[in-house]
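Right, one structure below, let's go through it.
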Amino acid sequence: MKALGGHSRRIRRLRPGTRVIATGPFGALTAARRTRPKVLLIAGGVGITPMRALFETLPGGPGEITLLYRAGAEEHLVLRSELEAIAAERQAGLHYLLGPSDAWGHLPAVAGGDPQAPQALLALVPDLAGHDVYLCGPPGMAEATQSALLRAGVPAARIHSECFSF
């Protein structure tokens with residue numbers, strides 16, 4: 001656990017066997033925020049961890065859940081085998097967006113390689129405006145992607161985001 005504040009620092013000092021009460025989840029990345037049948041999950045970096053849980057557990061039929069996972073290179077993809085197994089079992093969409101942050105090489109050509117271009121997102125998810133979108137990643141990626149989602153027609157109330165950074 002990363003020590004970001006007083007509570008997380010105290011938790012790190014707990015000894016094995018100490019009884020605790022855990023509550024939650026809290027924040028924007030919960031199923032309770034969902035308002036639409038179709039969901040797009042967008043993860044960058046360590047943001048894949050909550051998205052992996054949602055990818056597996058959000059209710060949805062074939063084609064209703066899609067995950068876009070951004071990483072600098074193929075070797076940086078974590079949980080890849082788990083994600084691919086979940087996608088196959090659920091008949092869900094899974095796309096890897098690989099490359100340096102200034103060149104996102106595997107995005108559709110219509111975007112000119114720009115990961116934040118609304119047309120890139122629309123090329124991958126044509127009915128994007130009808131989705132709930134869960135977004136988690138580093139602050140710069142999350143801000144740029146949220147802006148692109150708004151420009152692509154996703155209402156702000158359907159964008160559920162949190163930023164994770166090291």
Side-chain angles (χ1 to χ4, degrees), residues 1-5 8 12 25 27-31 33-34 38-58 60 62-154 156 158-166:
M1 173 175 273
K2 190 172 184 179
L4 295 175
S8 56
R12 291 178 69 176
L29 301 180
T30 69
R33 299 283 180 125
R34 186 176 182 180
K38 290 191 173 185
V39 175
L40 174 62
L41 307 170
I42 304 175
V46 72
I48 192 59
T49 53
M51 293 304 167
R52 184 253 179 251
L54 289 172
F55 195 46
E56 181 177 33
T57 62
L58 278 177
E64 291 184 338
I65 310 289
T66 301
L67 171 62
L68 304 181
Y69 180 9
R70 162 75 178 101
E74 196 165 337
E75 60 270 14
H76 298 149
L77 295 172
V78 296
L79 309 174
R80 184 175 188 166
S81 61
E82 291 179 37
L83 297 171
E84 290 173 357
I86 293 166
E89 181 179 319
R90 300 197 68 192
Q91 298 178 43
L94 174 60
H95 303 279
Y96 301 119
L97 309 177
L98 302 174
S101 59
D102 61 347
W104 294 42
H106 293 284
L107 283 172
V110 296
D114 179 3
Q116 285 82 28
Q119 58 269 45
L121 297 171
L122 289 166
L124 292 169
V125 185
D127 56 345
L128 178 59
H131 284 62
D132 265 303
V133 179
Y134 290 79
L135 168 62
C136 190
M141 173 258 183
E143 290 166 15
T145 304
Q146 183 160 343
S147 175
L149 290 165
L150 293 169
R151 293 189 327 267
V154 179
R158 283 199 251 126
I159 302 171
H160 319 294
S161 72
E162 291 188 5
C163 293
F164 282 12
S165 62
F166 286 112

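Atom set for the values below is all heavy atoms of this structure, side chains included, hydrogens, waters and symmetry mates excluded.
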Subject >> CD (Glu89) with more than 12 external heavy atoms under 6.0 Å >> reply: no

Subject >> Separation between CG of Leu149 and CG of Leu40, rounded to the nearest 0.5 Å >> reply: 7.0 Å

Subject >> Inter-residue atom distance Leu54.CG - Arg33.CZ, 0.5 Å rounding >> reply: 12.0 Å

Original post:
Does any non-hydrogen side-chain atom of Arg80 lie less than 4.5 Å from one of Glu74?
Top reply: yes

**OP:** Give the minimum heavy-atom separation between Gly44 and Met141, together with the two atoms involved.
**Re:** N-CE, 3.7 Å

Subject >> Atom pair CD1 (Ile86) and CD1 (Ile65), whose distance is rounded to the nearest 0.5 Å >> reply: 11.5 Å

**OP:** Heavy atoms only: give me the nearest Met51-Ala43 pair and the separation to one decimal.
**Re:** CG-CB, 3.7 Å

Original post:
Atom OG of Ser161 and atom CG of Leu29: how far apart are they, to the nearest 0.5 Å?
Top reply: 7.5 Å

**OP:** Determine, stepwise, if the pair Leu124 / Thr66 fulfils side chain to side chain contact (heavy atoms under 4.5 Å, CB included).
**Re:** CA-CA 10 Å; Leu124 292 169; Thr66 301; over 6 Å; no

Original post:
Which residue pairs pass the ring-ring contact (aromatic ring centres under 6.0 Å, His included) test with at least one member in residues 124-146, sequence neighbours excluded?
Top reply: Tyr134-His160

Original post:
Can you name the closest pair of heavy atoms from Leu83 and Tyr96 and give their distance?
Top reply: CB-OH, 4.5 Å

Original post:
Atom OG1 in Thr49, atom CZ in Arg52: separation rounded to 0.5 Å?
Top reply: 10.5 Å

Original post:
Can you tell if the side chain of Val39 reaches within under 4.5 Å of the side chain of Phe55, non-hydrogen atoms only?
Top reply: no

Original post:
Atom CD in Gln119, atom CG in Leu128: separation rounded to 0.5 Å?
Top reply: 12.0 Å

Original post:
Step by step, would you call Leu41 with Leu58 a side chain to side chain contact (heavy atoms under 4.5 Å, CB included)?
Top reply: CA-CA 11 Å; Leu41 307 170; Leu58 278 177; 4.2 Å; yes

Subject >> salt bridge (Lys or Arg N to Asp or Glu O under 4.0 Å) partners for Arg90, two or more places apart >> reply: none

Subject >> Contact summary for Ala142 and Gly137, nearest pair of heavy atoms >> reply: CB-O, 4.2 Å

Subject >> Side chains of Leu67 and Ile48 in contact at under 4.5 Å (non-hydrogen atoms) >> reply: yes

Subject >> Least distance between heavy atoms, Ala129 atom then Gly153 atom >> reply: CB-O, 3.5 Å

Subject >> Residue pairs passing the salt bridge (charged side-chain N to carboxylate O under 4.0 Å, His left out) test where at least one lies in residues 127-137, sequence neighbours excluded >> reply: Lys38-Asp127

Original post:
Under 4.5 Å between any side-chain heavy atoms of Val154 and Gln146, yes or no?
Top reply: no

